[in-house]
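Residue numbers start from 1 in every chain, and the chains themselves are labelled A, B, ... in the order their sequence lines are given, proteins ahead of strands. FYI, side chains are in, hydrogens and waters are out, and symmetry mates aren't considered; it's all heavy atoms of this structure.
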Amino acid sequence: MMSDLSSLAGLVSEPSGEIDSSASNRSLRLAEKEKRKGEADPFGLAVKYLSQVEAGTVVRGNDELERNMLVVETVALSKGLPPELITVLLDLALSLNAGTVNCTRVLKFLVPATVVPQEAVVKGVSWLCAGKMPMNAQVLFVRWVLTVFDLIDCKDNLRSIYGFIFSFVTEENLCPFICHLLYLLTMREHVHPYRVRKLLDIQAKMGRQPFLTQLLALYKVFRPDLVTLSLPSKVRTGFKNHSSTWKVALSAVQRKNKGAVLVDQSLSLDVKEKPSTRKRKLHHLAIPPLSSAFDSNSNKVFCLQELRSFKELLENIHSIELPAQMGSLLGSSLALHYLDCVQDESASLRLNFWLGHSLQEEFLLCPGDGSSDNTSEARRFLSTILFSQQFLQEGFSSTESFLYKFLSVWDGSLLRPQILDLLSDIPLMPSVYMHKLLFEPLKQLYFTSTVFFKCSVIECLNSMLVKWLTWHSVSALEGGLDISLNSNSTMTMTLSGFMDSVMELVRFVGLLASEGLRLENCHVLLLNQTLAFYETVCDMFLKYSLPLIIMPPAGVFYPALFATDSVSVDRLGYIMYRYRKNLTLAKKQEQQREQTFHISRNTYKEFNRNLQAMVNSMWNSCWCIPGSDIEIDKDLISLSKVAEPWCRFDLIHHPALFSYAIEFHQRCWPERKNVDLGSIKTGKYWNWYIEFLFNQGFDGLNNFIQTNTGHGSGLSSQDDRQPTSQT
Amino acid sequence: MEARGSAVNTPASRPVTRRSKSYGRSCVEAPSYFWQTPGHLTVLKIPTSRGAAKSQLITDKVDPEHIALLVKNEWKLSYVTPLHHFRHTQLKSYSRHLAAFIAAEKQQGVAVEVGLEAGFKVTFTAVLGLAETDEDAETVFIQIQSKPAFAAAADAPKVVWRGWLTCVNGDPEYLRSLPPDFVSLPLFCTSGAESLTTLVKTWFERAFDCNFGSLALNSTTLNWLAALWTGCHPTCNIRHLKLAWSLPTQPPMDVSYTVNPQDAWELWNSIHPEESTDDKIDIKEVQSFISGLETHFFRHFKIYLSAGTLVKVSTALGSAHLDGKIKIGNSDYITTLLTLLTESALLKMPT
């Protein structure tokens, strides 16, 4: 390498360079080769040239230098420069070897392609300390560092020369930029009383400058015990030091090399406190900013606002200090990750006091003035809580108790989506409380509200049930491991207690749904929400390992069976199919090991009755349901003068499927004028029809028919029309 | 399928642990802690009976100078959630911090070093002796004096704001349930410029992760005060029992009703005889006392006071307004009043 360089130095006519007279032919040949290669790669050559510019080089009129500079400049601005070149060129520029003019010129095209090596910047600072650079070059250098700051590969060494960098705050011209750089570098360990005092001296001299204020505000965040400051809501915040031409070049290059660098800024620190809106006197709905606790002085611990990435969080997870206000954790997802690990009862109490207080003051104690401004703020706040709870997959206890209070005074329309979402996060509770705290207020709202509200309530309770069941299946799989450390924050509940709660909830929804469907004339949306709920219920054993099977009440089953839309009927088919699967498995297990659990005879009876009703009406075209109390008097039906009433709900005549039968009929007998649906039932047409029907996407019905009649689509003949299901 | 089967094997009696982990205690885990009235769910039960007000020479327990500070002003009430990491031993440093904070807030955008004298002098004082039980934290009194920049050296600094945090006979079960790093001083009384009150509250919220809310009293509390104060008449002249009602008429009507102290006492004594062996006063007795007064008023003016709201009660011992303003007239009965107010404040605590 050394010889390469020296021979190169000879080739380019550098005034200070001398050709090694003892160079052999061989090295001449090599040099020749190198030269050719260099011609092929003028950029490499130019770089090599520039890396060797030494102090005292004549700059004025140096065409060689100018030419090479131009080559590198062009490449740099179009493709960016690799890390090692950044080091070389930065050194060239700041050492002033190529002159002051070229110093600024190099800085201006110093666009990194990927990252900036930290050492380059550290060395740059040492040049700054040498004090030879003219002021405009100094400023330009610091601004360059600011522009590429996010691309510096690692900042720990830079942080360790914090003191050197800090010393430049006294330079009036540099001060704004140095403050910004310090702002980006400052950790709590850097905040010392003498630095605070220095900055305050400068503040006294220069007045309130935004850059000083900003840095001091950060100092306050880290050490509220040393300095205090209040940012007026109108103040211009943020540093405006980025050069836009650089930024444009940089982002263009970065776009080209997309994916090469990931700027990691998940927890951006914001010293600007939320502007307290003048309109609202009571602003209890603001998430407080992250700030150090007031009496913490230990430098050994990390505070959350110092963390920049998930990796840093993991590395320091044991030495992280909680912020002054626990509520501030809800502001960022990184902090929420941490909250998930916090096992401190006081911390959770603080969070819950704050949250409970905010909710109570906003919704319970201060009757809302109904202004839209107010509602949007409240909506934002509730959405933040929702986000946090979903992130943690658990509700806060203060939200829970707030909801119990709020439900009894809620009008059912204020912030409905948020309130219902929060409601669905309510954790499991003993069944004795459910009635008073949850069902009573909800029932009142449900029966006095529109069908859409009814749908939302059913949807909400469905989601609540899913969360409870998921929780159960997770904790059951964990093998009864007691995760909770603190007995105060643990609620112990037996499995049977849990089943009681689930049963209560399912029963309650059954009641709401059947009454709701009656009141709303089997509204199709409500019916579908209800069926969605029963899709959860029917699979509780198989999907969530909960040995509990609850059948839908007649008020849900029959409206679904006789629904006029095919989706509901298909869903019912699916639900019945899943019930059968669950019951079959339950029975099998019950026979294998006697006392695992017991599904009552009644459940089987209920299921069979529903199954028979469904198979009879849809498949067997008859209505008799033996032993059922809803048999209809034959004479009464004949009064309706409906022909062949028993087959009105079979797969051909069912109001939900009728249109498919017509379509099938038209396809089979396009020439026929008189539609005779009865002819579908004969011979191969029946199998074809069944196949046609199931090809329309009625998988639920398909499964139901297949398991309960043994009729695979197109597989068996008409003779198979027998219900074979008597579990 | 097998894994699922095995989960089902679990005997039904195996306890299932609700993993509420770190997000707080469940509000339904301790049934004894749980009472609900519409729109209101508290960890505390509202007492239906309490002891009669007893005079005690408070100056025996508490520095008379401190007591004098509490007696002369009208106080605006707030409630505070428990203070985290508040230490009575750190009051000096709190004084410095609050002073710096106020100075910084007053000159927006200028950073202020903590500990430098800057325009405001804040003093935190512990008022020892007001606490009644071991669970009660000692009262803290805060005073803010302003030092105008151009004041003459001889000018005494002017007191611009006063406030105190207190807890008297706070529900022991509630106080004991808090972890040791919390100090509960649920009642906050302030007197002075509203802007300073806001600043002090903000500072406390940041320093001790607590929250303030205004404390309005309810009619029941005022009824209690009327009865308890009247009951004191034989030992200490209450001079008058002044009650103010607001009636929901159009336009609204305010009724001021002053009762001769002796008459009021006789009415009270007929309901709750002085010589009764039971020291406890029941809420029913209080209600019949108030309705007795209302009936009397109706007889004269044909106005049903019960249709309106009692908004103010005042005697020589003190006064209390529905919107949360009180005055302490006689320090010897301060404990009764503060017990009632502490209770009201604790009832506002978010669960």
Side-chain angles (χ1 to χ4, degrees), chain A residues 196 200 203 208 213 216 225-232 235 294-295 324-326 342-343 345-346 348-350 352-354 356-357 360-361 364-365 394 396-398 400-401 404-405 408-409 427-429 433 475-476 480 482-484 488-496 498 545 547 589 596, chain B residues 1 3-5 7-29 34 36 38-41 81-82 84-85 87 90 93 97 100-101 103-105 108-114 178-179 181-182 205-211 213-214 348-351:
Chain A
V196 171
L200 290 176
Q203 177 184 262
R208 49 185 99 165
T213 312
L216 279 163
D225 51 323
L226 288 183
V227 62
T228 181
L229 162 75
S230 146
L231 288 181
V235 84
F294 159 81
D295 55 353
Q325 285 167 288
M326 282 299 288
V342 175
Q343 290 284 357
E345 197 209 349
S346 299
S348 77
L349 258 183
R350 281 160 64 193
N352 278 304
F353 277 140
W354 167 75
H357 170 267
Q360 162 179 308
E361 283 289 317
L364 296 172
L365 297 181
E394 192 162 2
F396 298 110
S397 68
S398 48
E400 187 188 350
S401 65
Y404 298 149
K405 295 178 223 170
S408 55
V409 291
L428 188 63
M429 65 171 122
Y433 296 116
S475 75
D482 190 9
I483 324 155
S484 164
N488 259 338
S489 59
T490 309
M491 192 177 69
T492 322
M493 206 184 208
T494 59
L495 184 62
S496 66
F498 174 67
S545 324
Q589 288 201 355
T596 35
Chain B
M1 200 64 84
R4 278 175 181 148
V8 179
N9 262 335
T10 328
S13 61
R14 180 178 70 81
V16 178
T17 312
R18 167 168 151 184
R19 186 171 164 244
S20 80
K21 215 175 36 185
S22 53
Y23 311 129
R25 348 175 188 200
S26 159
C27 55
V28 290
E29 67 191 10
F34 203 49
Q36 192 200 28
H40 205 77
L41 182 80
T81 61
H84 183 247
H85 274 314
R87 292 187 194 87
Q90 297 284 309
S93 116
H97 279 104
F101 178 78
E105 289 289 329
Q108 299 266 301
V110 176
V112 176
E113 189 181 353
V114 173
L178 291 173
D181 46 354
F182 284 94
E205 287 179 348
R206 288 190 195 164
F208 307 110
D209 206 356
C210 57
N211 297 98
S214 64
K348 296 271 180 184
M349 291 298 133
T351 34

**OP:** Pick one of side chain, backbone, both or neither for B:Phe101, based on which atoms fall under 4.5 Å of a heavy atom in chain A.
**Re:**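 The answer is both parts of B:Phe101.
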Taking all heavy atoms of [X] and all of [Y], pick out the closest pair and write down the distance.
| X | Y | value |
| --- | --- | --- |
| B:Val114 | A:Val227 | CG2-N, 3.7 Å |
| B:Gly213 | A:His357 | N-NE2, 3.9 Å |
| B:His84 | A:Ser346 | NE2-CB, 4.1 Å |
| B:Arg206 | A:Ala324 | O-CB, 3.5 Å |
| A:Gln360 | B:Pro350 | OE1-CA, 3.5 Å |
| A:Phe353 | B:Leu178 | CZ-CD2, 3.9 Å |

Original post:
Run the side chain to side chain contact (heavy atoms under 4.5 Å, CB included) check on A:Trp354 and B:Glu205 step by step: do they pass?
Top reply: CA-CA 10 Å; A:Trp354 167 75; B:Glu205 287 179 348; over 6 Å; no
Subject >> Spacing of CG belonging to B:Asp181 relative to CG belonging to A:Leu349, to within rounding of 0.5 Å >> reply: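 Rounded to the nearest 0.5 Å, the CG-CG separation comes to 9.0 Å.
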Original post:
Could you give the distance from OG (B:Ser214) to CD (A:Glu361), rounded to the nearest 0.5 Å?
Top reply: 6.0 Å
**OP:** Using non-hydrogen atoms and a 4.5 Å limit, figure out which bit of A:Gln325 sits close to chain B: side chain, backbone, both or neither.
**Re:** both
Original post:
Which atoms of A:Leu200 come close to chain B, meaning under 4.5 Å heavy atom to heavy atom: side chain ones, backbone ones, both, or neither?
Top reply: side chain
**OP:** Decide yes or no for A:Leu226 and B:Glu113: does some side-chain heavy atom of the first lie under 4.5 Å from some side-chain heavy atom of the second?
**Re:**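 SC-SC contact between A:Leu226 and B:Glu113 ruled out.
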**OP:** Ignoring hydrogens and angles, tell me if any N or O in the side chain of A:Gln203 forms a donor-acceptor pair with the backbone of B:Ala111 under 3.5 Å.
**Re:** yes
Subject >> Test item: A:Arg208 side-chain N/O and B:Gln108 main-chain N/O as donor-acceptor pair under 3.5 Å >> reply: yes
